[in-house]
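No experiment lies behind these values; they were computed from the predicted model shown. Both counts, for ligands and for their atoms, begin at 1 and track the order of listing.
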Amino acid sequence: MPDSGNPEAKASPNLPWTTRLLMSAVAFAVDVSCRPNMTFNRRLFNLVDLKCSASSQPKNGVKSSDIVIDSGRNLWVRLYTPTNVTETSTTSSLPVIVYFHGGGFVLLAANSKRFDDHCRRLAKEIPAVVISVNYRLAPENRYPSQYDDGIDVLKFIDSKISTVEDFPDCADLKRCFVAGDSAGGNLAHNVAVRANECSFSKLKLIGVIAIQPFFGGEERTQSEEDLNDITPLVSLKLTDWMWKAFLPEGSDRDHPAANTFGKNAIDISGVDIPATMVIVGGFDPLKVWQKRHYEGLKRHGKEAYLIVYPNVVHGFYFFPELHQGSLFIDNVRNFVQDQSAKS
Ligand SMILES: *[C@@H]1O[C@H](CO)[C@@H](O)[C@H](O)[C@H]1NC(C)=O
């Protein structure tokens, strides 16, 4: 075999067949819901996107409740509080993780079953108070609606959340992280950049956790070419559609929201960006964009950490049967602890 310089390029990820089947089914549902005329068939996709409600009774050691921020645009958050920690150690405080779910800016929600499980797990195992954001979706609401919603959630947390009955006293707003997977990782970064324009009185952002963040550009990278066929969830066909649905009409994928360090990028030299952790999977076609994002942060003198899981596909944390899930939790916990210790 000729040396392509990328030994894993032609290999395929080691996944249980059940996981493969599930991924293909979800990819199929997404594919048929993304219509050629750039509308999204929500009614159809909702059939596979199972939802669940908040639970005031602890479930797996975490209770949850929903807080409406602006009913006019259906902006709300789901708050996850680990009960075992908050009841036993009254003196210790918990970091706060503001979480943005993935889904190409187009699909899924804070109450999607898989995100509910994911956020509950983070709350329990980090441990942290997790605030999962239900932001507006494209194509009905394009850029910058999602970033606006993210900023408005941070403002709400800063000024009003302590008056919410369910919000625990142990939550330390001075140790606040923005996190997200895929499109949510893009949101975490861009919201952290925009947060520079706000002056918060209680909230302090001390970290960005970008899990397989959705970045892109006009160029076709090597990993997008090599991995296009084996990762249906992030095929070029789908990601092209998502960018087109999200970005302002008439703009291309070199828009600064997608290509953070490309030719149209905003200069972040003078922008205060909290320490950033970028998590990358070896079988993720987006990995070249993600590494470029990390390198761009470093080049501009920002504190950034790159974590690569070689045998991992896009969205691996959704499949609890994959053992990388626990490594992922350990890495996030270490990052949260390190940044908390410095703050
Ligand atoms: C897009 O296509 C769908 C299904 O073919 C149709 O129901 C809908 O009205 C179309 N919308 C627009 C804006 O063209």
Side-chain angles (χ1 to χ4, degrees), residues 20-53 68-76 100-116 133-153 180-187 190-191 213-220 224 227-259 264 285-286 289 314-315 318:
R20 268 179 208 282
L21 193 66
L22 186 58
M23 278 183 184
S24 302
V26 174
F28 177 75
V30 177
D31 196 44
V32 296
S33 303
C34 294
R35 297 185 184 120
N37 69 3
M38 296 312 294
T39 61
F40 185 73
N41 191 341
R42 296 210 178 274
R43 202 182 301 166
L44 178 64
F45 187 73
N46 281 339
L47 298 176
V48 295
D49 177 21
L50 301 181
K51 304 286 186 1
C52 68
S53 44
V68 174
I69 295 181
D70 179 1
S71 57
R73 56 180 146 152
N74 195 28
L75 177 60
W76 55 269
F100 298 99
H101 70 80
F105 302 105
V106 169
L107 40 114
L108 303 173
N111 58 346
S112 294
K113 176 79 172 67
R114 281 183 182 264
F115 282 114
D116 190 76
V133 182
N134 200 68
Y135 54 86
R136 286 172 291 173
L137 298 173
E140 295 87 340
N141 297 280
R142 289 171 179 271
Y143 167 95
S145 316
Q146 292 74 12
Y147 301 164
D148 291 343
D149 290 353
I151 284 290
D152 288 343
V153 166
D181 61 286
S182 198
N186 175 307
L187 263 153
N190 280 296
V191 168
F214 187 28
F215 294 119
E218 283 297 308
E219 182 196 332
R220 296 304 192 197
E224 283 174 318
L227 299 168
N228 190 39
D229 297 332
I230 59 165
T231 49
L233 281 176
V234 273
S235 67
L236 280 170
K237 184 181 168 217
L238 274 180
T239 54
D240 284 358
W241 195 96
M242 299 298 178
W243 287 125
K244 201 169 167 204
F246 166 66
L247 293 171
E249 302 223 34
S251 56
D252 67 17
R253 294 187 302 274
D254 286 329
H255 186 283
N259 196 347
N264 303 324
L286 302 173
W289 292 115
H314 196 80
F318 268 164

Practice problem: Scan side-chain atoms only and decide if Asp152 and Tyr135 contain a donor-acceptor pair under the 3.5 Å cut-off. | Solution: no
Quiz prompt | Asp49 backbone acceptor or donor facing Arg114 side chain under 3.5 Å | solution = no
Quiz prompt | Trp289-Phe214 aromatic ring centre distance below 6.0 Å | solution = no
Quiz item: What orientation do Tyr143 and Tyr147 show, parallel under 30°, tilted 30 to 60°, or perpendicular over 60°?
Solution: perpendicular
Practice problem: Would you verify that at least one protein heavy atom lies under 4.0 Å from atom 14 (O) of ligand 1, or report that none does? | Solution: yes
Exercise. Look up atom 11 (N) of ligand 1 and tell me if a protein heavy atom lies less than 4.0 Å from it?
Key: yes
Quiz item: Considering distance alone, does some N or O of Asn37 sit under 3.5 Å from an N or O of ligand 1?
Solution: yes
Quiz item: Any idea which protein heavy atom is nearest atom 5 (O) of ligand 1, and the distance to it?
Solution: Arg35 CD, 4.5 Å
Quiz item: Any idea which atoms of ligand 1 are less than 4.0 Å away from a heavy-atom of Thr39?
Solution: 1 (C), 11 (N)
Quiz prompt | Considering all heavy atoms, the nearest Gln146-Leu187 contact | solution = O-CD2, 3.4 Å
